[in-house]
There are 2 protein chains.
Amino acid sequence: MYERKIKEDLDCGIVVAMKVFGAKWKPCIIDAISRGIKRPSELHREITSTSARVIDMQLSELVDYGIVSKKIFPGFPLCVEYSLTEVGETIVPILMQLNQWGLKNKDLVKNKDNQPLHVELPAEARFIQPRNCLANN
Amino acid sequence: MYERKIKEDLDCGIVVAMKVFGAKWKPCIIDAISRGIKRPSELHREITSTSARVIDMQLSELVDYGIVSKKIFPGFPLCVEYSLTEVGETIVPILMQLNQWGLKNKDLVKNKDNQPLHVELPAEARFIQPRNCLANN
DNA sequence: TCCTATACCGAAAAATTATTCAGTATGGAA
DNA sequence: TTCCATACTGAATAATTTTTCGGTATAGGA
């Protein structure tokens with residue numbers, strides 16, 4: 001298992017939130033489970049852009065975090081079901097909101113030239129002194 | 001400049017949102033600017049856990065995305081001010097929400113042993129057949 | 001001329017995250 | 001006995017992000 005060299009500040013809300021929201025496949029997995037896709041094999045079929053191994057790893061981290069719970073049915077063939085915990089459910093609306101934000105603003109990120117040239121002020125601005133500029137406005 | 005080998009789907013809202021929310025220092029920079037810290041040198045003083053170079057890089061990406069706008073005052077010494085654009089302002093409440101979520105749930109992520117053992121069902125469950133288990137429940 | 005403060009950038013290195021590959025294990029069916 | 005489907009794992013590699021280091025440029029002051 002990988003041991004970090006730069007420790008992260010788990011008292012910062014954003015750092016904590018990003019352990020869940022900011023991983024490449026976790027939002028995708030959480031969304032699928034929230035839509036009722038429960039078994040690993042189903043998840044693998046649903047999420048085709050990455051490998052089963054990747055899904056399994058992210059999934060097990062979500063289980064460790066208590067965001068997803070795992071039930072094993074010891075019949076045959078082996079059957080496992082994942083579902084969102086109570087805390088896991090609280091992620092879904094935030095995820096939807098992030099998704100909405102992204103959809104609404106995707107052109108910004110796509111274009112990447114939204115402020116192509118720096119805004120230069122007219123000549124008079126040259127007399128603005130740095131301390132002024134720092135103090136107010 | 002780094003050229004990705006695996007292209008990202010910028011039509012997915014989450015992928016787009018994570019370009020902004022999911023970078024290590026962007027939330028921190030956006031928060032500082034929203035609190036009125038405008039000049040690069042101020043930002044460097046405010047955010048001491050990383051180097052000026054890192055802040056500058058993330059900042060310039062936020063400018064490229066049109067989330068932060070940059071004004072140059074050509075006096076002396078050189079004076080630059082950053083501020084949130086209209087779109088940039090829409091990020092702040094979502095950031096606050098993510099932060100709240102993280103603060104509320106940080107123990108989950110810290111502990112990482114929230115479901116230490118798999119839940120095994122009692123013996124009767126052995127008769128649940130896989131197709132049933134897939135079909136409903 | 002050299003020093004200051006401001007703001008910025010290129011490129012290598014380090015750290016982290018994601019991916020691939022090759023396995024393990026269970027229990028029934030052929 | 002060998003095969004299947006299910007669920008899962010270790011370890012190497014690749015991809016990406018973050019960090020560090022050293023540099024540029026402007027314009028005034030000593």
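Because the structure is predicted, anything quoted here is derived from the model rather than measured. Below, chains carry the letters A, B, ... as their sequence lines are ordered, and counting in each starts from 1.
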Nucleotide of [options] approaching [X] most closely (side-chain heavy atoms):
X        : options                  : result
Thr50(B) : dA15(D), dC8(D), dT19(D) : dT19(D)
Arg39(A) : dT6(D), dT16(D), dT6(C)  : dT6(D)
Trp25(A) : dA18(C), dT19(C), dA7(C) : dT19(C)
Val80(B) : dA7(C), dA15(C), dA15(D) : dA7(C)
Leu78(B) : dT6(C), dC8(D), dC8(C)   : dT6(C)
Lys70(B) : dT16(C), dC8(C), dT19(C) : dC8(C)
Pro77(A) : dA15(C), dT6(D), dA7(C)  : dT6(D)
Tyr82(B) : dA15(C), dC8(C), dT6(C)  : dC8(C)
Ile6(B)  : dT19(D), dA7(D), dT19(C) : dT19(C)
Arg4(A)  : dT17(C), dA15(D), dC8(C) : dT17(C)

Report task. Map Asp56(B) and Tyr2(A) onto DNA chain C by nearest heavy atom, then report which one ends up closer to the 5' terminus. Result -> Asp56(B)
Query - Residue whose closest nucleotide on DNA chain C lies nearer the 5' end, Met1(B) versus Leu59(B) - result: Leu59(B)
Report summary line: Assign each of Met57(A) and Gln58(B) the nucleotide of DNA chain D bearing its closest heavy atom; nearer the 5' end lies the nucleotide of Met57(A)
Requested in this report: Specify the residue among Lys24(A) and His44(A) whose closest nucleotide of DNA chain D lies further upstream toward the 5′ end.
Outcome: His44(A)
Between [atom2] on [N] and [atom1] on [X], what's the gap in Å once rounded to a whole number?
X        : N       : atom1 : atom2 : value
Met18(B) : dT17(D) : CE    : C1'   : 16 Å
Lys5(B)  : dT17(C) : NZ    : C1'   : 15 Å
Glu61(B) : dT17(D) : CD    : C1'   : 10 Å
Ile55(B) : dT6(C)  : CD1   : C1'   : 15 Å
Lys26(A) : dT19(C) : NZ    : P     : 13 Å
Glu8(A)  : dT19(D) : CD    : P     : 12 Å
Lys71(A) : dA7(D)  : NZ    : P     : 15 Å
Glu3(B)  : dG10(C) : CD    : C1'   : 17 Å

Once you round to the nearest 0.5 Å, how far does [atom1] of [X] lie from [atom2] of [Y]?
X         : Y        : atom1 : atom2 : value
Lys106(A) : Asp9(B)  : NZ    : CG    : 8.5 Å
Ile29(A)  : Ile67(A) : CD1   : CD1   : 11.5 Å
Arg39(A)  : His44(A) : CZ    : NE2   : 11.0 Å
Ser60(B)  : Lys70(B) : OG    : NZ    : 8.0 Å
Leu62(A)  : Leu84(A) : CG    : CG    : 9.0 Å
Leu95(A)  : Ile14(B) : CG    : CD1   : 4.0 Å

Query raised in the report: Any donor-acceptor pair under 3.5 Å joining the side chain of Arg53(B) to the base of dG23(D)?
Result: no
Query raised in the report: Which angle, rounded to 10°, do you find between the first-five-pair axis and the last-five-pair axis of the helix from dT1(C)-dA30(D) to dA30(C)-dT1(D)?
Result: 50°
Query raised in the report: Between the main-chain N or O of Lys38(A) and the side-chain N or O of Glu42(A), is there a donor-acceptor pair closer than 3.5 Å?
Result: yes
Query raised in the report: Which part of the nucleic acid, if any, lies within contact of Ala52(B), taking any heavy atom under 4.0 Å across all strands shown: a base, the sugar-phosphate backbone alone, or nothing?
Result: nothing
Query - Sequence neighbours excluded - side-chain hydrogen bond (donor to acceptor under 3.5 Å, both in side chains) pairs with any residue from residues 88-99 of chain B - result: Gln97(A)-Gln97(B), Trp101(A)-Thr90(B)
Query - Pair Glu61(B)-Lys26(B), salt bridge (Lys or Arg N to Asp or Glu O under 4.0 Å): steps then yes or no - result: CA-CA 9 Å; Glu61(B) 215 168 85; Lys26(B) 279 176 191 153; 2.5 Å; yes
Requested in this report: Ignoring backbone atoms, establish whether Ser41(A) has a side-chain N or O less than 4.0 Å from OP1 or OP2 of dA7(D).
Outcome: yes
